[in-house]
Amino acid sequence: MSKTDKSKDLIESGQVEEVAANGLLHRRAFLKTGAIVASGTTILSATAAPPEVDIWSTTAGRPPEAYGNRSEFESDVIRDAFTPTISVGAGASRTPHGSLEGIITPSALHFERHHNGIPNIDPDQHRLLIHGLVDQPLVFDLESLSRYPLVSRIQFLECSGNSRSLDADQPVAGSAQTIHGLLSCSEWTGVPLSILLDEAGIQTEGKWILAEGADSSLMTRSVPMSKVMDDAIIALYQNGERLRPGNGYPMRLFLPGWEGNASVKWLRRIKVTEGPTMTRDETSKYTDLQPDGTAQIFSFQMGVKSIITSPSGEQSMRGPGLYQISGLAWTGAGRISRVEVSADGGRTWGEAELTEPALPKALTRFRMPWRWNGGPALIQSRAYDETGAVQPTRTSLLSERGKQYNYHNHAIQTWQVSSTREVSNAYA
Ligand SMILES: Nc1nc2c(c(=O)[nH]1)N[C@H]1C(S)=C(S)[C@@H](COP(=O)(O)O)O[C@H]1N2
Ligand SMILES: [Mo]
């Protein structure tokens, strides 16, 4: 087969429409003319003869595995764990978004953030206490909790410190993992917290809860009752199996669309209170410092945001030709309604294809065909949500709220594609 790039002919003949400058093609170009991919750089030359027998086809393979492992050839797709020295056991590990596709983060690659390490909890001894302003305090073990009706939802979790490095004056070197890796998406299965609180009987003054974890940092956060009654769950399962230890085994609070910190892991206590408890993690930390020196507290909901995961930072392009720009969009407000992509640093935009399923408070995958001409390009994505909110530029976000803000950076981010084929973080 010829290795010439037919995509150029298809564009020139008008069969494939260019929707924005610097090679962005109509999002349905792949559907209409799947052949243009094959005609580009992706297919190796073939002959008509049947293939030779590969070495792995000549002997019997390995027996089945009790607990599955991935291919040894994928072993470099890993989280990057880092452990700041500020306190014992504090640390985080980030999801390698540049190597993943679809919307579900494999549990073994879900980001982790813990303030004092991962406790080794014996599920048979762990208890969850519900008390405070309730008619009847209740205590649950894992088994008794599992008897309640379970719900399953695919939803993202994002640390409010994710993408913080975009606050820096100069673009930091980094990848989709190191810049945006405190973000993951799982199917979470658990018991709606509203059911448990109804059973305990909330007294009329009970307007907030305090949630406490069983790790030695005793992470505690206050959550308003409206959120609790809306869609909070006590999550027991993650992608079909019990939660991973790093993600809260055997149970965690899960607050869809809200900053990760409030989804207290290793949950051991819920106290119904009149107002917020004003704990360390909602006063000295996880507040947003305003330009006038005051701090905004309880800024729970994550803003509308998107990132391009392929091509992305620290990757390199194979050569000029047809590519599929792929990325993720999400919003704490509900559904993503639209994603646009630019290849000229935000001057012109084309609409990307949203891949089903596009679920509320979940990562939504978007794709856009792009014919890279081998020259410099600044690629960006911009998300809109169903409330009409639009992802801001970095300049407008930082000028609006100042640089001291520290959390919730949901600005448009730019990958620079150089004519030497490298992809790097840039400011447009
Ligand atoms: N008990 C407890 N809950 C916790 C934390 C913690 O250190 N201890 N870290 C919080 C933070 S800052 C985030 S971003 C999320 C991360 O959840 P994950 O580790 O499952 O990704 O958990 C939150 N819940
Ligand atoms: Mo976090």
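Below, all heavy atoms of this structure are taken into account, side chains as well, without hydrogens, waters or symmetry copies. Just follow the structure's listing: the first ligand is 1, and inside any ligand the first atom is 1.
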Heavy-atom distances under 4.0 Å are what count here, so tell me which part of His110 touches ligand 1: side chain, backbone, both or neither.
side chain
For Gly213, counting its heavy atoms only, list the atoms of ligand 1 lying under 4.0 Å from any of them.
1 (N)
Classify the side-chain pair Glu187/Tyr237 by whether it contains a donor and acceptor separated by less than 3.5 Å.
no
Which of the numbered atoms in ligand 1 are under 4.0 angstrom from any heavy atom belonging to His114?
7 (O)
Have a look at ligand 1 and work out which part of Trp266, if any, has a heavy atom under 4.0 Å from it: side chain, backbone, both or neither.
side chain
Which protein non-hydrogen atom lies closest to atom 21 (O) of ligand 1, naming both residue and atom, and how far is it?
Phe111 O, 2.7 Å
Please classify the Tyr249 to ligand 1 contact at 4.0 Å (heavy-atom distances, strictly less than): side chain, backbone, both or neither.
neither
Examine the side chains of Ser396 and Thr393 and answer whether a donor and an acceptor come within less than 3.5 Å of each other.
yes
Where ligand 1 meets Tyr286 - atom numbers and elements under 4.0 angstrom, heavy-atom basis:
12 (S)
Quick check: does any side chain N or O of Trp370 sit under 3.5 Å from a backbone N or O of Ala343, one acting as donor and the other as acceptor?
no
Aromatic plane relationship, Tyr405 with His408 - under 30° parallel, 30 to 60° tilted, over 60° perpendicular
perpendicular
Is it the case that over 12 heavy atoms from other parts of the model lie below 6.0 angstrom from the NZ atom of Lys227?
yes
Take atom CZ in Arg147; do more than 12 heavy atoms of anything else shown fall under 6.0 Å from it?
no
If the cut-off is 4.0 Å to any non-hydrogen atom of Val264, which atoms of ligand 1 fall inside it?
1 (N), 3 (N), 24 (N)
Mind checking whether Phe300 and Trp208 have parallel, tilted or perpendicular rings, split at 30° and 60°?
tilted
Show which atoms of ligand 1 fall inside a sub-4.0 Å distance from at least one heavy-atom site of Asp215.
1 (N), 2 (C), 6 (C), 7 (O), 8 (N)
Can you sort out which atoms of ligand 1 are near Asn247, meaning under 4.0 Å from one of its heavy atoms?
18 (P), 19 (O), 20 (O), 21 (O)
When you measure from atom 14 (S) of ligand 1 to every protein heavy atom, which one gives the shortest distance, and what is it?
Cys159 CB, 3.4 Å
Going by the atom numbers of ligand 1, which of them fall below 4.0 Å from some non-hydrogen atom of Leu157?
17 (O), 18 (P), 20 (O), 21 (O)
Go through ligand 1 atom by atom and flag the ones less than 4.0 Å from a non-hydrogen atom of Ser263.
22 (O), 23 (C), 24 (N)
Give me the residue, atom name and distance of the protein heavy atom closest to atom 3 (N) of ligand 1.
Lys265 N, 2.9 Å
Do NZ/NE/NH1/NH2 and the carboxylate oxygens of Glu112 and Arg244 come within less than 4.0 Å?
no
Distance to 0.1 Å, residue and atom name: give those for the protein heavy atom nearest to atom 9 (N) of ligand 1.
Arg113 O, 3.2 Å
Check whether Arg221 reaches the backbone of Ser263 with its side chain - one donor and one acceptor, N or O, closer than 3.5 Å.
no
If only atom types and distance count, is the side chain of Thr331 paired as donor or acceptor with the main-chain N or O of Asp385 below 3.5 Å?
no
Nearest-neighbour protein heavy atom for atom 23 (C) of ligand 1, which is reported as residue plus atom name and distance:
Gly260 O, 3.3 Å
For Glu259 and Met302: C-alpha separation, side-chain torsions, deciding distance, then whether side-chain contact (heavy atoms from CB on, under 4.5 Å) applies.
CA-CA 6 Å; Glu259 63 180 13; Met302 299 309 285; 3.6 Å; yes
Measure the distance from atom 11 (C) of ligand 1 to every protein heavy atom, then report the residue, atom name and distance (to 0.1 Å) of the closest one.
Asn261 CA, 3.5 Å
How far is atom 22 (O) of ligand 1 from its nearest protein heavy atom, and which residue and atom name does that atom have?
Arg252 NH2, 3.5 Å
